[in-house]
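Shown next, in structure tokens, is the structure this report addresses.
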Amino acid sequence: MGYEYIKFEKEPTGVGILTIHRPKALNALNWDTLRDLGNFVENDLPKEKLRALIITGSGDKAFVAGADIAQMSGMSSTEFKDYVDYAHKVYGLITDNPCPSIAAINGYALGGGCELALACDIRIASEKAKLGFPEVKLGIFPGWGGSQRITRIMGNGKAKELIFTGEMVSAEEALSHGLVEKVVPHEVIMKEAKELAESIAKRAPLAVSAAKKAVNSGSEMELQKALELEKTLIDSCFDTEDRAEGMKAFLEKRDPEFKGK
Ligand code: DAK
């Protein structure tokens, strides 16, 4: 696979761990790191038997400290536009991937780093994590999907406060606003993320993916259309081998063996 700035390992449980690996710059996403992430997600993320994906940052201090400020400062407008377009594409691939994703926020998640966490389905934060959108301090604003994804999560008022001030919030405060789902002691963040991922990995994968699509796409739609989508997706689950296996296993009082078929 040959990536310098990301690492990936897949555990026998079907849980994949994708680590952004540029610790000397707090995993800030320069072009090379973003490209590694994008190439991996587009071409090398296993499609078979990957049941849940954890995304985290290398080292003990940061998830991702945002876009690379040093590199951005020297970009032409065209390069800047390409950088932003590419980040949108990569984050969209993560959000739209049928495999559920968990951000294990092990430290700073700022700007584009917080937006990466928002592109994931579920966020768990270390109690040491700090989250925020410092972009307005740099003359830009959260534009890798952040200004749109955050308002859908926490409502316009709190989102505007965070974006307009550029101030960071603690993990606990992030929890109280729904920006993260859970806060855990720093030392156990990966253990907790893996436990959550494993509990998803045990379930019927096509049903989990269909549920992800129902929630993601449905929340963009008017209610009647969203309910139609839900019906279509649940119908598609009924015809799967896993649905037959899940119900049979229940009646036989044993654990199901799902195959993703
Ligand atoms: N970029 C580049 N280098 C970074 C970095 C970053 N975002 N964050 C940290 N580093 C580097 C530091 O420069 C330092 O490098 P050396 O000096 O050792 O070479 C090293 O990482 C360690 O950082 P510090 O020495 O600063 O560590 P501290 O513990 O003192 O402080 C910190 C940690 C996270 C509070 C601080 O590093 C910090 O404030 N970093 C910047 C965080 C930030 O502002 N992030 C947001 C970036 S802007 C767009 C929309 C959106 C975006 C782009 C375009 N459009 C719609 C057009 C996205 C924007 C962003 O993400």
Side-chain angles (χ1 to χ4, degrees), residues 4-7 18-38 41 55-95 103-120 123 125-154 156 158-174 177 179-180 183 186 189:
E4 187 175 353
Y5 295 108
I6 59 146
K7 293 178 173 181
L18 172 58
T19 306
I20 312 292
H21 180 61
R22 195 178 166 231
K24 69 175 177 144
L26 304 185
N27 306 316
L29 296 172
N30 62 359
W31 249 125
D32 288 345
T33 311
L34 189 61
R35 233 182 248 117
D36 272 5
L37 177 64
V41 171
I55 301 184
T56 194
S58 201
D60 203 32
K61 210 171 151 183
F63 174 70
V64 168
D68 189 288
I69 300 169
Q71 201 170 55
M72 261 193 307
S73 73
M75 282 180 190
S76 67
S77 332
T78 314
E79 285 167 331
F80 189 61
K81 188 178 175 307
D82 289 348
Y83 187 52
V84 171
D85 285 350
Y86 190 66
H88 267 267
K89 176 181 160 187
V90 175
Y91 287 16
L93 287 171
I94 294 168
T95 299
I105 306 173
N106 56 320
Y108 291 110
L110 302 174
C114 199
E115 290 169 306
L116 175 60
L118 289 171
C120 295
R123 287 155 287 284
S126 140
E127 63 198 353
K128 284 195 194 164
K130 291 210 182 304
L131 297 90
F133 295 100
E135 281 93 337
V136 290
K137 298 181 186 172
L138 303 167
I140 53 179
F141 75 95
W144 284 356
S147 70
Q148 302 310 306
R149 289 197 173 101
I150 193 183
T151 42
R152 283 162 170 75
I153 287 178
M154 59 164 56
N156 284 358
K158 194 68 203 173
K160 283 175 183 165
E161 184 187 328
L162 273 185
I163 294 171
F164 295 176
T165 63
E167 298 296 346
M168 296 183 220
V169 293
S170 67
E172 282 299 337
E173 201 179 335
H177 298 301
L179 188 51
V180 302
V183 178
H186 187 68
I189 174 117

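Both counts, for ligands and for their atoms, begin at 1 and track the order of listing.
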_side chain to side chain donor-acceptor pair (under 3.5 Å): pairs with one or both residues in residues 56-73, sequence neighbours excluded_ = His21-Ser58, Arg22-Asp68, Thr56-Asn106, Asp60-His186
*Taking NZ, NE, NH1 and NH2 as the nitrogens, is one of them in Glu167 or Lys130 under 4.0 Å from a carboxylate oxygen of the other?*
no
*Any side-chain heavy-atom pair of Leu162 and Leu131 under 4.5 Å*: no
*Hey, are the side chains of Tyr86 and Trp31 touching, using non-hydrogen atoms and a 4.5 Å cut-off?*
yes
_What does the 4.0 Å heavy-atom contact list look like for ligand 1?_
Lys24, Ala25, Leu26, Ala28, Lys61, Ala65, Gly66, Ala67, Asp68, Ile69, Met72, Phe80, Val84, Tyr108, Leu110, Gly111, Gly112, Pro134, Glu135, Leu138, Ile140, Phe141, Gly143, Trp144, Met168
For residues 108-115, which side-chain donor-acceptor pairs fall under 3.5 Å, sequence neighbours excluded?
| from | atom 1 | to | atom 2 | distance (Å) |
| --- | --- | --- | --- | --- |
| Glu115 | OE1 | Gly112 | N | 3.4 |
| Glu115 | OE2 | Gly143 | N | 3.2 |
| Glu115 | OE2 | Trp144 | N | 2.8 |
| Glu115 | OE2 | Gly146 | N | 2.7 |

_Holding to side-chain hydrogen bond (donor to acceptor under 3.5 Å, both in side chains), I want the full list of residues that pass it with Lys7, two or more places apart in sequence or in another chain._
none
